[in-house]
Asker: 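The following block contains the structure, expressed as structure tokens.
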Amino acid sequence: MTDALKTLILGSGPAGYTAAIYAARANLAPVVLAGNQPGGQLTITSDVENYPGFPEGVMGPEMMEMFKRQAERFGTKVEYELAEKVDLSRRPFRVWTNAEKEYRTQSLIVATGASALYLGLENEKKLQGRGVSACATCDGFFFKGKKVYVVGGGDSACEEASFLTKFAREVHLLVRRDALRASKIMQQRVLEHPKVTVHWNTQVLDVLDVAQGKVTGLLLEDTKTKARRQVDAEGLFLAIGHRPNTELFKGMLDLDPVGYIRTVPGKTATNIAGVFACGDAQDSYYRQAITAAGTGCMAAIEVERWLEAQHA
């Protein structure tokens with residue numbers, strides 16, 4: 001590509017598409033590189049019921065298709081490519097993709113998202129959205145009166161377990177060690193809650209579905225004795241962390257120890273002028289579609305104003 005774009009957006013989740021909508025309406029003619037999971041994490045979410053404007057709920061993939069159509073309506077160009085290499089040392093920035101194409105752009109919006117960490121079990125992937133989830137806030141409502149298990153021992157796991165008590169009949173927390181890593185107050189909430197049972201030194205070996213297409217049980221193992229047991233379960237929530245999809249920017253953008261992109265407080269600007277980050281690539285706290293969309297809007301507005309200041 002010879003002529004530099006005004007802005008290039010990496011990622012096609014709620015943050016990326018919202019940034020595209022605002023950038024397109026500002027006549028910036030954005031190009032979105034959809035990445036290796038077009039639509040982001042919502043494409044593996046069944047019903048989305050907590051996004052404003054959808055009183056009856058909406059399927060995750062359907063919602064992201066609407067985001068895409070809205071962005072394209074204003075002139076956004078979506079390319080189904082994955083950025084594999086970037087040069088942010090000077091402007092125009094350069095981005096190379098898996099389609100062996102090079103993009104040059106005056107500004108860059110990073111909306112590459114984050115990926116939930118999974119245990120690596122075969123059935124775990126097969127049953128995503130059918131009883132296996134990595135987001136209690138997103139899916140907890142669907143487990144009213146059910147028996148669910150949460151994997152993890154940190155703050156996230158305790159928060160997920162506490163949240164699920166609002167819906168589930170029983171919440172079982174599976175901890176690989178004999179202690180929680182969570183903060184004292186989070187530990188207290190879980191250990192004292194009548195609906196929560198903590199299973200120490202326990203790990204999941206398999207997710208069972210008994211050919212029903214949904215979670216019906218788990219195969220557990222004691223990490224010390226290696227004794228195994230099978231338990232009935234209607235849901236499995238994984239809370240062993242998220243990994244931001246920011247490997248591409250190591251050594252260029254300022255990242256925190258986990259890999260989330262550090263931005264100017266209250267804004268989306270990064271340590272490199274002209275590069276902005278939004279959504280789960282820079283948000284380790286909220287990790288919701290609505291907040292990702294909000295920061296996508298912020299990024300596009302900041303890009304527009306930054307380009308104006310550069311007389312671009």
Side-chain angles (χ1 to χ4, degrees), residues 13-14 36-51 57-64 113-176 190 195-199 202-221 223 228-245 280 287-289 292:
N36 59 0
Q37 188 178 6
Q41 293 186 71
L42 280 188
T43 58
I44 58 170
T45 302
S46 52
D47 291 317
V48 179
E49 295 199 324
N50 57 0
Y51 199 96
V58 61
M59 298 294 286
E62 180 187 356
M63 183 181 184
M64 293 320 302
S115 301
L117 297 178
Y118 285 83
L119 298 171
L121 306 174
E122 183 180 350
N123 252 10
E124 172 188 55
K125 292 183 178 179
K126 188 176 80 173
L127 294 170
Q128 284 180 14
R130 299 177 181 179
V132 174
S133 172
C135 181
T137 309
C138 309
D139 301 325
F141 179 82
F142 303 109
F143 292 83
K144 279 187 174 181
K146 295 187 177 182
K147 180 180 179 181
V148 302
Y149 284 76
V150 179
V151 178
D155 275 345
S156 294
C158 288
E159 286 172 7
E160 299 270 279
S162 296
F163 181 82
L164 286 167
T165 60
K166 299 176 182 179
F167 309 101
R169 180 180 79 253
E170 298 176 29
V171 178
H172 296 262
L173 182 61
L174 306 177
V175 186
R176 284 179 55 89
V190 164
K195 278 191 177 182
V196 179
T197 302
V198 179
H199 303 265
T202 303
Q203 64 181 354
V204 180
L205 291 186
D206 197 7
V207 187
L208 310 175
D209 66 346
V210 196
Q212 294 182 26
K214 62 181 180 180
V215 174
T216 57
L218 303 172
L219 178 61
L220 306 179
E221 181 182 71
T223 56
R228 296 182 178 184
R229 60 192 172 100
Q230 188 173 314
V231 296
D232 293 332
E234 296 166 282
L236 175 66
F237 287 83
L238 301 163
I240 55 177
H242 284 74
R243 181 183 61 251
N245 303 320
D280 287 8
R287 296 200 302 266
Q288 299 297 306

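Everything numeric in this text was worked out from a predicted model, so none of it was measured.
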Asker: Only counting residues at least two apart or in another chain, list the ones meeting side chain to side chain contact (heavy atoms under 4.5 Å, CB included) with Ala136.
Answerer: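 Residues passing side chain to side chain contact (heavy atoms under 4.5 Å, CB included) with Ala136: Glu160, Phe163, Leu164, Phe237.
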
Asker: Under 3.5 Å, is there a donor-acceptor pair linking the side chains of Thr216 and Asp232?
Answerer: no

Asker: Considering residues at least two apart in sequence or located in another chain, which fulfil the side chain to side chain contact (heavy atoms under 4.5 Å, CB included) criterion with Ser162?
Answerer: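 Here the qualifying residues are Met186, Arg189, Val190.
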
Asker: Could you tell me the separation between the CG atom of Leu220 and the CZ atom of Arg229, rounded to the nearest 0.5 Å?
Answerer: 5.0 Å

Asker: Please list, chain by chain and in numerical order, all residues satisfying side-chain hydrogen bond (donor to acceptor under 3.5 Å, both in side chains) with Asn123, sequence neighbours excluded.
Answerer: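 side-chain hydrogen bond (donor to acceptor under 3.5 Å, both in side chains) list for Asn123, sorted by chain: Lys126.
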
Asker: Could you pull out all residues at least two apart from Glu170 that satisfy side chain to side chain contact (heavy atoms under 4.5 Å, CB included)?
Answerer: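 Residues passing side chain to side chain contact (heavy atoms under 4.5 Å, CB included) with Glu170: Lys147, His172.
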
Asker: Between Ala157 and Gly153, which heavy-atom pair has the shortest distance, and what is it?
Answerer: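 That would be CB-N, 3.7 Å.
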
Asker: Please assess Arg287 against Cys135 for the test side-chain contact (heavy atoms from CB on, under 4.5 Å), listing each intermediate value before the final yes or no.
Answerer: CA-CA 9 Å; Arg287 296 200 302 266; Cys135 181; over 6 Å; no

Asker: How about Glu122: does its CD atom have over 12 heavy atoms from other parts shown lying under 6.0 Å from it?
Answerer: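 For Glu122, atom CD is not crowded (no more than 12 foreign heavy atoms under 6.0 Å).
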
Asker: By salt bridge (charged side-chain N to carboxylate O under 4.0 Å, His left out), which residues pair with Arg243, not counting sequence neighbours?
Answerer: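 In terms of salt bridge (charged side-chain N to carboxylate O under 4.0 Å, His left out), with neighbours along the sequence ignored, Arg243 is linked to no residue.
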
Asker: Tell me every residue that passes salt bridge (charged side-chain N to carboxylate O under 4.0 Å, His left out) with Arg169, counting only those two or more places apart in sequence or in another chain.
Answerer: Glu234

Asker: Please round to the nearest 0.5 Å and tell me the distance separating atom OG of Ser133 and atom CZ of Phe143.
Answerer: 6.5 Å

Asker: Can you name the residues that form a side-chain hydrogen bond (donor to acceptor under 3.5 Å, both in side chains) with Thr197, not counting sequence neighbours?
Answerer: none

Asker: Calculate, to the nearest 0.5 Å, the distance between atoms CG and CG belonging to Leu218 and Leu174 respectively.
Answerer: 7.0 Å

Asker: Which atoms form the tightest heavy-atom contact between Met63 and Val48, and what is the distance?
Answerer: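 Distance-wise, the nearest heavy atoms are SD-CG1, 4.1 Å.
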
Asker: Looking only at atom types and distance, does a side-chain atom of Lys214 sit under 3.5 Å from a main-chain N or O of Asp209, one as donor and one as acceptor?
Answerer: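 Side chain of Lys214 to backbone of Asp209: no pair is present.
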
Asker: If you compare all heavy atoms of Asn245 against all heavy atoms of Ser115, which two are closest, and at what distance to 0.1 Å?
Answerer: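 Smallest heavy-atom distance, with atoms named: OD1-OG, 3.0 Å.
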
Asker: Tell me, please, which residues at least two apart from Asp155 pass side-chain hydrogen bond (donor to acceptor under 3.5 Å, both in side chains).
Answerer: Ser183

Asker: If you take all heavy atoms of Pro14 and Ala289, which pair is closest and at what distance?
Answerer: CB-O, 3.6 Å

Asker: Could I get the full list of side chain to side chain contact (heavy atoms under 4.5 Å, CB included) partners for Leu121, not counting sequence neighbours?
Answerer: Leu119, Glu124, Val204, Val207

Asker: Using modelled atom types and a 3.5 Å cut-off, is there a donor and acceptor pairing between side-chain atoms of Thr223 and backbone atoms of Arg176?
Answerer: yes

Asker: With Glu159, which residues qualify under salt bridge (charged side-chain N to carboxylate O under 4.0 Å, His left out), at least two apart?
Answerer: none

Asker: Distance from Leu173 atom CG to Cys158 atom SG, nearest 0.5 Å?
Answerer: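 Spacing of CG (Leu173) from SG (Cys158) equals 6.0 Å.
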
Asker: Sequence neighbours excluded, which residues qualify as side-chain hydrogen bond (donor to acceptor under 3.5 Å, both in side chains) partners of Arg130?
Answerer: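 Partners of Arg130 by the side-chain hydrogen bond (donor to acceptor under 3.5 Å, both in side chains) criterion come out as none, since no residue qualifies.
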
Asker: Could you state the interatomic distance from OH (Tyr118) to NZ (Lys125), rounded to the nearest 0.5 Å?
Answerer: 10.0 Å

Asker: Ignoring hydrogens, what is the shortest heavy-atom contact between Val148 and Ala168? Give both atom names and the distance.
Answerer: CG2-CB, 3.8 Å

Asker: Looking only at heavy atoms, which two atoms of Val150 and Ala239 are closest? And how far apart?
Answerer: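 Shortest heavy-atom contact: CG1-CB, 4.3 Å.
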
Asker: Can you measure from OH (Tyr149) to OG1 (Thr202) and round to the nearest 0.5 angstrom?
Answerer: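 It is 9.5 Å, given to the nearest 0.5 Å.
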
